[in-house]
Protein chains: 2
Amino acid sequence: MDLSVQQLRMLREVSIRGTIAAAADGLGYTPSAVSQQLGGIEKSTGIAVLERVGRNVQLTDEGRELVRHAEMVIRHLEQAEVALERMQTEATGRLEIAVMESVANSMLGPLIVELTARHPALDVRTREAFGEDPTLLVRNGEVDACFTVDHPAAPMARREGLDYVGLFRDWFRLALPEQLARDREVGPIEDIAGFADERWIAPPWDDRCGRVVIQSCRLAGFEPDIAHSIDDYPASLELVAAGIGVALVPDLALRYVPESVRIVNPAVPICRTVDLAVRASSRDRPAIAALLDVAAAVVARSGLDHD
Amino acid sequence: MDLSVQQLRMLREVSIRGTIAAAADGLGYTPSAVSQQLGGIEKSTGIAVLERVGRNVQLTDEGRELVRHAEMVIRHLEQAEVALERMQTEATGRLEIAVMESVANSMLGPLIVELTARHPALDVRTREAFGEDPTLLVRNGEVDACFTVDHPAAPMARREGLDYVGLFRDWFRLALPEQLARDREVGPIEDIAGFADERWIAPPWDDRCGRVVIQSCRLAGFEPDIAHSIDDYPASLELVAAGIGVALVPDLALRYVPESVRIVNPAVPICRTVDLAVRASSRDRPAIAALLDVAAAVVARSGLDHD
DNA sequence: GCCCACCCATCAGTCCAGCTGATCGATTCA
DNA sequence: TGAATCGATCAGCTGGACTGATGGGTGGGC
């Protein structure tokens with residue numbers, strides 16, 4: 001059996017207006033059409049939804065139950081149409097963001113709060129991208145946006161079809177053990193070449209964050225001795241605090257600086273950039289425009305170095 | 001614009017399988033059919049739900065949003081079909097009972113509890129029939145069942161097309177002021193003719209409950225002096241307790257008998273009958289059968305005089 | 001009590017939506 | 001560059017859906 005929406009619509013109209021003739025009139029058909037469609041329900045299901053009483057018809061229990069379901073079907077169908085229309089002009093629909101780069105998670109909360117406050121009709125969701133490349137998820141449409149981190153010193157390949165919208169710059173600082181800083185009488189700005197002989201703590205070399213350290217050191221004229229390969233900046237800071245080595249750490253990772261760690265600025269500034277990646281084809285969608293808008297506002301309010 | 005379920009089904013299949021060719025294969029159509037249907041969405045709505053990327057297609061944001069709504073529509077459509085099928089063999093669907101005759105309200109609670117316990121898929125509801133004739137509501141299909149009270153001494157007109165299923169008999173007792181009972185030295189069984197000269201308390205004469213009192217008195221050979229016309233049995237009992245008059249009160253109204261009221265049995269038994277009225281056409285529906293079944297069980301368990 | 005009005009079911013006929021099959025342009029892979 | 005695959009489009013056909021006419025059945029009015 002296979003119920004059609006047309007059949008449900010007619011049945012519902014009969015349920016409202018009472019007679020087939022009135023339903024036909026209301027729907028702009030002839031009674032014959034309605035009668036045939038409703039007869040089709042019984043023919044295909046084997047279940048009578050109408051019964052004649054006097055010269056009128058009346059819904060059976062099954063018919064009334066079917067009307068209740070019909071209401072749902074028709075309502076969802078109408079909702080689908082209005083949702084489609086509204087998406088063109090208003091920030092509505094679902095907006096899913098892949099989160100992975102921990103760098104942006106600090107602004108994720110304020111972003112969602114303000115986004116839903118400004119656009120209540122927007123269904124904002126996040127999704128953890130376990131291991132997967134979040135830009136690929138954006139590209140494939142599984143999510144609508146993701147944060148990306150790029151290092152000008154070791155730029156990543158940008159995926160075709162995506163727009164990368166700059167949010168802010170995150171500056172690297174040189175983290176030194178307090179004892180070392182005192183011994184060397186370091187100032188607020190230091191050439192990292194001065195620490196060429198120290199042991200370095202850096203993310204793994206196969207990570208873009210790791211390569212930027214190596215690149216920066218080579219640019220300063222030396223090859224760093226990366227004695228400890230750690231992906232986690234807070235953990236790196238703990239090692240620095242323990243006097244085990246020196247590290248380059250971005251501002252965003254410096255919210256909690258352990259004691260006995262001295263932070264100084266590299267003479268040659270090093271930064272990474274944080275972007276929002278969205279499909280180029282979806283940039284004119286109001287919901288995406290709202291996302292970029294609010295993200296920029298959150299960056300400005302956070303006092304970050306907006307791009 | 002007018003989206004069809006077929007279009008939504010095809011769009012959803014494309015969203016699942018990735019390509020139009022695969023979707024067509026999955027649905028048993030040619031790619032041409034799917035392509036035309038999906039093209040129809042854009043033609044009718046003016047909104048592109050697909051975009052070509054390479055030699056494949058990809059859903060736009062609007063397309064993905066539409067798929068989410070499509071899932072709902074299709075799911076409800078399937079649910080409508082299974083609900084229809086299940087109603088034939090199981091006690092499912094909505095079962096609405098009109099409540100008005102307060103007589104049956106004492107068994108309404110246990111009835112609903114046991115009905116939902118035995119048939120969890122049944123959606124049992126009640127509806128107050130303000131002023132309307134509840135049997136008319138049943139006849140019109142606005143509800144599925146209602147309780148009715150009939151008096152063999154003054155039988156009501158039974159509505160055509162409805163089945164009245166007897167539940168139990170409710171016996172009338174004679175309520176006397178204790179002082180009067182003591183003065184007259186009444187026994188456990190008394191001919192009501194002995195109280196022909198007393199003032200009577202009874203429901204209004206235009207009520208069937210009122211007429212049964214007059215009928216019974218006439219049967220006993222006298223015309224009662226109905227000094228107080230009250231529709232409410234508890235209130236009547238209070239008047240009896242105050243020594244204002246005598247009354248005929250059914251058992252169901254005697255759950256709380258005030259002090260200084262003596263209850264005796266009429267020599268000629270008087271009763272009213274409580275029935276469940278359902279549409280004759282719905283008696284073979286499992287849900288209705290379950291209702292009648294459980295109602296009978298509740299009556300038996302309550303120790304009522306089942307019919 | 002009869003007749004007319006009304007309602008619904010059915011049937012033949014028409015029309016259009018939706019499918020198939022073929023063709024073509026575009027893209028990817030070897 | 002050639003072969004394969006994908007999607008869009010077009011012509012053509014089929015079946016579903018609606019119209020209009022007919023007939024059975026019921027209810028209200030004179």
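Chain naming here is simple, since letters A, B, ... match the order of the sequence lines and numbering starts at 1 in each.
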Interatomic distance where [atom1] belongs to [X] and [atom2] belongs to [N] [whole Å]:
{"X": "A/Q6", "N": "D/dG15", "atom1": "CD", "atom2": "P", "value": "21 Å"}
{"X": "B/E42", "N": "D/dG7", "atom1": "CD", "atom2": "P", "value": "15 Å"}
{"X": "A/E160", "N": "C/dT28", "atom1": "CD", "atom2": "C1'", "value": "14 Å"}
{"X": "A/N56", "N": "C/dA5", "atom1": "CG", "atom2": "P", "value": "18 Å"}
{"X": "A/M10", "N": "D/dG16", "atom1": "CE", "atom2": "C1'", "value": "12 Å"}
{"X": "B/R17", "N": "D/dC6", "atom1": "CZ", "atom2": "P", "value": "13 Å"}
{"X": "A/D2", "N": "D/dG15", "atom1": "CG", "atom2": "C1'", "value": "15 Å"}
{"X": "B/R55", "N": "D/dA3", "atom1": "CZ", "atom2": "C1'", "value": "10 Å"}

Nearest atoms (heavy-atom pairs only) where B/P152 meets B/R272 | CD-CA, 4.1 Å
Looking only at heavy atoms, what is the nearest atom pair of B/P155 and B/D150, with distance?
->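 Nearest pair, atom of B/P155 first, then B/D150: CA-OD1, 3.4 Å.
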Could you pick out which residue, B/V57 or A/R52, lies toward the 5' side of DNA chain D when each is mapped onto its nearest nucleotide?
-> B/V57
Using distance alone, with no hydrogens and no angle criterion, decide if A/Y29 and A/Q36 have a side-chain donor and acceptor under 3.5 Å apart.
->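 Looking only at side-chain atoms, A/Q36 and A/Y29 do not form any donor-acceptor pair under 3.5 Å.
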Can you check whether B/Q7 has a side-chain N or O nearer than 4.0 Å to OP1 or OP2 of C/dG18?
->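 It does not, given that no N or O in the side chain of B/Q7 lies less than 4.0 Å from OP1 or OP2 of C/dG18.
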Candidate nucleotides D/dG7, C/dC8, D/dC18, ranked by approach to the side chain of B/I20 - the nearest | D/dG7
Thinking salt bridges, do B/R17 and B/D25 make one under a 4.0 Å N-O criterion?
-> no
Salt-bridge contact B/R139-B/D133 (side-chain N to carboxylate O under 4.0 Å) =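 Salt bridge: no.
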When B/D163 is tested against each of B/R283, B/R158, B/R279 for salt bridge (Lys or Arg N to Asp or Glu O under 4.0 Å), which residue passes?
-> B/R283
Given side chains that start at C-beta, do those of B/Q7 and B/M10 come closer than 4.5 Å, heavy atoms only?
-> no
Go through residues 23-41 of chain B and report each residue with a non-hydrogen atom lying under 4.0 Å from DNA chain D, sorted by number.
->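 B/S32, B/S35, B/Q36 - these, ordered by number, are the residues of the stretch whose heavy atoms sit under 4.0 Å from the strand.
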